[in-house]
Each structure stands twice: as C-alpha cells, then as structure tokens.
There are 2 protein chains.
Amino acid sequence: MSPRSVRTVAREKPDIRTVASLARVSIATVSRTINGSSAVSDKLSKRVWQAIEQLNYFPNTHARSLVSGRSRIVGIIVEDITNPFFPELIASFEEFAVAQGYEVLVSTGKIENAAQIERIVRRMLERKVEGVAVLTFGSEESVLDQLAMHGIPMVLAEFQVDNPQVRTLAIDYATGIREAVEHLVALGHRKIGYLAGPHTLHSAGTRLHCFQDSTAACGLKIGPDWIVEADHTLNGGVRGMQQLLRLKNRPTAVVCSNDMTAIGVLHAAHQAKLSVPEELSVVGLDDIAFTQYTLPPLTTIGLSRHALGRAAFEALYQQAEPNESSASKPNYIVSTKLVLRESTAPPPAGR
Amino acid sequence: MSPRSVRTVAREKPDIRTVASLARVSIATVSRTINGSSAVSDKLSKRVWQAIEQLNYFPNTHARSLVSGRSRIVGIIVEDITNPFFPELIASFEEFAVAQGYEVLVSTGKIENAAQIERIVRRMLERKVEGVAVLTFGSEESVLDQLAMHGIPMVLAEFQVDNPQVRTLAIDYATGIREAVEHLVALGHRKIGYLAGPHTLHSAGTRLHCFQDSTAACGLKIGPDWIVEADHTLNGGVRGMQQLLRLKNRPTAVVCSNDMTAIGVLHAAHQAKLSVPEELSVVGLDDIAFTQYTLPPLTTIGLSRHALGRAAFEALYQQAEPNESSASKPNYIVSTKLVLRESTAPPPAGR
DNA sequence: GAAACTGCTGGAAACGGTTACGATTGCCGG
DNA sequence: CCGGCAATCGTAACCGTTTCCAGCAGTTTC
C-alpha cells in the first residue's frame with residue numbers, strides 16, 4: 001500500500017533450516033561448518049558458506065546461547081562515569097571484547113545500598129554473563145561475593161581476593177609514582193604532600209603506599225597532615241588543597257591520587273592566588289586527555305586505559321574460553337610512567 | 001573436598017518446571033503469573049510467587065526472547081567517548097532503560113569505513129535490539145539506512161529523516177544560544193566569532209544557524225572569517241582559536257559549538273598571552289563538569305544530558321512497547337539555557 | 001434442565017539453534 | 001572379496017520459555 005512498506009519489507013529472516021535446504025545438507029552440517037565444531041567436507045562446506053552468503057544469514061544469538069549455555073556476554077562495572085578515565089577504559093574493554101565476538105554489558109552509576117547491588121547482580125545473572133570486570137570503588141565487596149557465589153569469573157584491579165574465580169590485574173603504580181617523587185626531589189622539593197583517594201578504594205590504598213615508600217626511599221620526612229584523603233573528584237581536589245593551604249607549614253609540591261583531584265588542586269591554587277608551578281608543584285595520575293589543556297598543562301603519571309582494558313578482557317576471556325590452551329594464570333601487569341609537562345618546577349627560593 | 005567448592009556450589013539453577021512443581025501448578029500458569037499475560041486465580045498466584053521466592057528463581061532471558069521475539073535490548077551509538085558529554089548521556093540513557101527492564105548495548109568508537117558500519121549493524125542485528133539511539137557525528141547515514149532496512153526503530157538528535165521508523169529529538173538550541181549572544185551584546189561586544197562543529201554533524205549545523213539568527217536579530221554583522229569550523233575536540237578548539245588570532249580584525253568574543261572546543265580556546269588564548277575574560281570573552285555549550293574548574297570557569301550554554309538520555313530512551317520505548325497507549329508521536333524537546341560563570345566580560349576599551 | 005458463556009487451567013507445540021548418537025560411506029589390509 | 005575403521009553426515013533430543021488450544025468447572029440464559 002504505502003510506499004514505506006516497501007522499504008521495510010525485508011524478506012523473512014533466514015533460518016538455519018533455510019540455509020540447510022538451500023545448500024542441500026542437514027541443519028547439523030550447517031551448524032558444524034559455522035562453528036567448526038567438527039569436520040565437514042570441503043564440498044559441503046563450500047555449499048553451506050555460499051548459501052549463507054546468498055541469504056545473508058546469521059545465527060540467532062538467543063537460540064544459540066539457550067542451548068549452548070554460553071551467552072558471549074561479559075559485564076563491566078564502574079562507578080564514576082564522570083571521570084574520563086573510565087569511559088576510555090570501557091571503550092578499550094569493549095573494543096577487545098567485540099573483536100572476540102563478545103558483547104559487553106555496562107553498569108555505571110554509584111552503588112551505595114543493598115538494593116542497587118541486588119539490581120546489578122540480577123542484571124548480570126539474567127543475561128548470563130560469562131565474566132565480569134569490576135573496576136570500581138571499594139564499596140562493592142558484596143557484589144563480588146554474590147557474583148562469586150554464582151560461579152561467575154571476575155577480574156578486578158589491584159585487589160587480591162582469596163577466591164579462585166577472581167583474577168587480579170596487577171598495576172605497577174610503584175614505578176610511575178617513584179619517578180614522580182624522584183622528579184620532585186631532583187627539582188629540590190623536600191616537602192611533598194599527597195591527596196589520596198577514598199580509603200574504601202583499594203587501588204587508592206596501594207597508590208598511597210607507593211608514595212610513602214618512594215618518599216621514604218628518598219629520605220624524605222612526610223608530615224602527617226600533608227596526606228589528606230580526597231575522593232578522586234574535581235571538587236574533592238579543591239577541598240583537599242584548601243585543607244593543605246590552611247597548614248602553617250605546608251608542602252611545596254603535591255602529588256594526587258588521580259588527575260581529577262589534580263585539576264581540582266589547580267583550581268584551588270588559582271583561587272588562593274598561588275601560581276603553579278612557581279609557588280606550588282602538582283602532579284596527577286592517569287594522564288587523561290584534559291591534562292594537556294589545563295593551565296598549566298599537568299605533569300602526571302600515565303596509566304594506559306587501553307592496556308588496562310585489554311588486560312581486563314583477556315583475563316576474563318581466558319577463563320571463559322575452555323579451549324584456550326593456557327592453564328597458566330598470568331599476572332597481567334599494566335605499567336605506569338611519568339609524563340612531564342608544566343605543572344612542576346623548583347620550589348620557591350625560601351623553600 | 002576443598003573448602004572452596006562449598007562457596008561456589010550454588011545448587012542447580014531453578015527451572016520454570018521446578019517452580020511449577022513446587023507450586024503444584026503447570027508451567028503455563030507460572031509463566032502467566034510472572035508476565036500477567038492472562039488471569040490467574042489468587043490462590044495459585046500466591047503459591048507461584050511463594051515458590052519463586054523460595055527458589056530464588058528468575059526466568060532465562062535467552063529462552064524468553066527466543067520464543068517471544070523480544071530481546072529487551074536497546075542500542076546506543078556514540079562516536080566520541082572522549083567528550084564527557086557522551087558518557088553522561090549514556091549513563092542517563094542506561095538508567096532509564098534499566099528501570100524499564102531493558103539492557104543497553106553500547107557502541108563507541110569512531111565509525112569511518114564501511115567495514116565498521118557493517119560491524120555495528122551486525123552487532124545490533126545479532127542481539128536483536130528493539131531500537132537504537134544514534135547520537136553521533138553525521139557520517140553514519142549508512143548505518144541509519146541499514147538499520148531502517150531491517151525495520152529497527154531509531155531515534156536521533158536534531159536530524160530529520162523521512163523514514164517513519166525514525167524519531168527525532170528536538171533540542172532547543174535557539175533559546176540558549178540567543179541568551180548567550182544577547183548576554184555578550186549586553187556586555188558591549190559587537191564582534192563575535194563562532195567556532196563551529198564539524199559540518200558532517202547535523203546538530204552542529206543547527207547550532208550554527210541559531211548563532212547566525214541570533215546575531216542577525218541583534219543587528220550584528222559577523223565577518224565571514226569569524227566563523228571557523230572546528231571538530232568538537234580540545235585540540236580542534238586550540239587550532240580554531242589560533243586561526244582566529246591570525247586575523248587582523250578579530251572578534252572580541254567567541255562562542256563555541258561545544259565545551260571541548262571552548263576549553264581548547266582557553267588554552268590557545270593563554271598560550272597567546274591573551275587573558276580571558278579581560279581581552280577575550282568565550283562561551284561554551286553543553287555545561288560539562290569540567291567547565292566549573294577551568295581557568296577561568298567557563299560561561300556556557302547548559303544542555304541536560306539527563307533530559308536528553310531520558311528523551312532518547314522514552315522515544316524508543318514508545319515504539320517498542322506495543323501496549324503503550326500512545327499513538328501520539330510527541331516531539332520531545334530538550335531545552336538549553338545560559339549559565340554564567342567567569343569567562344565573559346566587557347570587551348577591552350579600544351573595542 | 002439443557003445450552004451457551006465465562007474464567008482458569010494444563011498439555012503440547014513452537015522458537016532456532018547445538019550436539020549425542022547412529023548410520024553411511026570409502027578405503028585399507030588381509 | 002570381506003571385515004574393520006575413520007571420516008563424514010543426518011536424525012532427533014534438548015535448551016527454557018511463551019502461547020495456542022482444548023478441557024473443565026461454575027454461571028447465566030432460555
């Protein structure tokens with residue numbers, strides 16, 4: 001009738017049966033040639049592929065995962081979509097997942113109460129994910145427990161857990177952070193402050209330890225009020241810096257647990273008429289894109305979200321794919337390194 | 001044997017059959033009470049819910065969508081995950097989708113050649129999405145065509161298309177942009193530049209038109225080289241501003257097609273020792289979180305990603321849910337408004 | 001008091017694949 | 001020429017739901 005019906009007519013979606021009959025073989029053979037699950041003669045295989053091509057056929061994912069029990073879906077849980085680090089991490093994770101024919105189910109949004117946890121676990125379970133990457137704050141241990149209870153493989157960053165279903169991605173914060181404090185020390189700084197991440201976040205803890213180790217190794221004495229806990233947000237950085245500014249004896253440099261914090265610090269310093277880097281040096285961590293465009297451009301410890309996303313997916317993939325010939329359980333290591341820009345300089349003359 | 005086996009034992013996942021036999025009813029009845037697809041007596045209904053509760057049962061999504069033909073998955077396609085606007089948009093979209101029991105399939109990543117388009121369409125088709133929100137650059141028309149050809153409902157921002165399967169979200173850029181130029185004019189500016197988005201992006205086109213209409217309405221004459229095309233990235237903003245700076249007669253204010261561009265402008269101005277806002281006023285568009293923390297904080301035209309994400313999902317939902325009693329095809333409107341911060345001021349004395 | 005409805009309920013047939021199992025074929029050595 | 005074995009293929013069972021259809025009470029209507 002209407003012309004539009006022509007455009008959307010799209011002849012019936014082809015069956016596996018359609019393919020089989022066009023190729024004059026059984027549906028079992030079609031399935032086998034598609035999945036390579038068992039040998040098919042060249043002659044038939046050719047006919048089948050030809051029919052598939054001709055019909056523009058592709059298998060119905062739902063039927064497939066219903067019978068095989070494998071969904072080819074992996075989940076990823078992050079909390080702070082506002083920090084550009086995470087979108088890029090998700091994008092990378094997705095890239096590798098899609099390349100292997102997996103789809104990814106993303107859960108963003110803070111998770112604060114039992115109902116939300118329940119909801120996330122439910123989503124993952126309903127769609128029968130084959131694994132979940134948990135890259136979040138630390139408040140989610142109960143998510144881990146529930147997922148583990150259902151036997152779902154997981155991977156998490158920088159947080160050892162005794163469950164064999166859980167793999168840990170080792171991130172070498174130590175190197176980058178050491179480079180950063182050595183850099184500051186070389187510039188002449190002796191009083192270095194630290195804006196930590198939330199104590200609930202495990203990776204924030206290891207970052208802090210790396211900082212403490214590095215300063216100790218350099219023979220620095222770090223005043224206890226030079227270390228203040230922020231929350232990895234812009235505003236947290238502002239407040240943290242304001243707290244440092246109230247000190248009578250304050251640091252001449254401050255390293256931050258992430259870039260968002262550092263950008264907040266820049267803002268707070270400017271408000272207080274403190275010029276960076278002349279009167280205060282600051283270094284961030286993550287190397288998000290914005291750090292190149294702050295005033296001044298931020299010296300920061302680079303951490304590749306691309307590498308992290310890849311490692312996260314691969315760790316999952318290995319557990320999901322039974323045929324993957326590696327009984328090994330490699331310790332994925334993601335490295336970090338200092339990238340110098342313009343937010344660091346020697347401390348002001350009077351120390 | 002090992003203690004761990006206890007933790008992951010997780011008795012067999014309950015069937016619909018398990019529920020049925022525990023409740024002493026047929027599986028048809030269980031299905032009906034769950035879906036409310038047809039009346040079930042109170043007595044049986046109660047027994048069924050009780051059994052569900054007791055077994056901690058939930059339906060197998062794959063089986064469900066195999067037979068029903070409905071996947072309860074919607075897709076969303078964005079290109080620039082690096083612009084914080086989009087992650088927040090995705091998060092909002094996801095929030096509303098999940099609230100309605102939908103799952104969302106995200107496709108990020110630039111789409112530049114036919115193979116990538118093919119890949120995206122394939123992903124959406126394989127998982128049988130019930131609709132797709134396309135919020136991207138303009139280069140993807142062939143994605144639209146292919147999706148439309150398969151009869152998949154779509155929603156896109158600010159881009160009219162003649163296909164009835166496609167709904168358009170109207171975004172009221174006019175108001176916010178008018179407020180912005182009126183604001184600048186009130187401050188005394190008469191020479192206003194514009195850093196446009198890529199011409200391939202339709203919404204960038206309408207933004208530009210709004211700017212031109214507003215300046216015309218104010219009786220301003222805009223020099224042709226005051227309008228330069230950027231690409232909505234940080235670096236694009238830098239380059240665009242540098243181009244404006246090369247002009248002998250350059251604008252005293254510049255409005256940008258988005259915040260990323262504006263932040264780039266701030267950076268370029270600083271490099272050129274131009275102080276904002278004293279020597280140059282700049283206004284962005286989007287109101288991403290970072291604009292509060294730039295130096296100076298950016299005056300920008302706010303556009304709620306929350307509202308946009310909601311509108312996008314609802315437009316899709318309406319097309320997907322047959323029972324939704326609205327034959328109406330509402331024009332979703334998302335509004336914009338100017339938010340004043342510190343990047344605008346009267347032009348320097350000598351005009 | 002039978003016929004015609006109404007409202008619930010259960011049996012069984014799909015949905016579109018994968019895969020266990022058996023059947024068929026071809027090739028080989030004896 | 002025959003038995004045996006490996007390679008290949010087809011038949012049918014199954015995955016966990018939804019839903020059509022028929023059955024069966026309990027009412028209502030003549």
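Between B:R64 and B:N35, the side chains place a donor N or O and an acceptor N or O closer than 3.5 Å (distance only, hydrogens not considered).
Closest-nucleotide positions on DNA chain D for B:R32 and B:L66 were compared, and the one nearer the 5' end corresponds to B:L66. Toward the 5′ end of DNA chain C lies the nearest nucleotide of B:R24, the other residue of the pair B:R24 and B:A63 mapping further downstream.
Of the candidates C:dG16, C:dG10, D:dT17, the closest approach to any side-chain atom of A:V67 belongs to C:dG16.
Rounded to an integer number of Å, the gap from CZ of B:R17 to C1' of D:dG16 is 6 Å. In this structure, B:K13 places its NZ atom 14 Å from C1' of D:dC15, rounding to the nearest Å. Atoms CD1 (A:I27) and P (D:dT11) sit 9 Å apart, rounded to a whole Å. Separating the CZ atom of B:R70 from the P atom of D:dT18 is a distance of 12 Å, rounded to the nearest angstrom. The CG atom of A:D15 sits 6 Å away from the C1' atom of C:dG16 (whole-angstrom rounding). Here C:dG17 presents its C1' atom at 14 Å from CG of B:N60, a figure rounded to the nearest Å. The CD-P distance, from A:E126 to D:dG16, rounds to 16 Å in whole Å. Put simply, CD1 on B:I16 is 13 Å from C1' on C:dG10, counting in whole angstrom units.
In this structure the side chain of B:R119 reaches within 4.5 angstrom of the side chain of A:V98, judged on heavy atoms. Contact annotation: the side chain of B:I111 approaches that of B:V143 to within less than 4.5 Å [non-hydrogen atoms, C-beta and beyond].
OP1 or OP2 of C:dT18 sits under 4.0 Å from a side-chain N or O of A:S31. Residue B:T29 places at least one side-chain N or O closer than 4.0 Å to OP1 or OP2 of C:dG10.
Applying the 6.0 Å contact sphere to CD of B:Q100 captures more than 12 heavy atoms from other residues, nucleotides or ligands.
At a non-hydrogen distance threshold of 4.0 Å, B:N35 from residues 34-46 of chain B come into contact with DNA chain D.
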Checking side chain to side chain contact (heavy atoms under 4.5 Å, CB included) for the pair A:N60/B:K128: CA distance, chi angles, key distance, verdict? CA-CA 8 Å; A:N60 179 320; B:K128 304 234 178 303; 3.5 Å; yes
Checking B:E103 against B:R72 for the salt bridge (Lys or Arg N to Asp or Glu O under 4.0 Å) test, could you report, in this order, the C-alpha distance in whole Å, the side-chain angles of both residues, the deciding distance, and whether it holds? CA-CA 6 Å; B:E103 208 47 77; B:R72 297 210 141 232; over 6 Å; no
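Salt bridge annotation for A:E130-A:R70: present, with a cationic side-chain nitrogen under 4.0 angstrom from a carboxylate oxygen.
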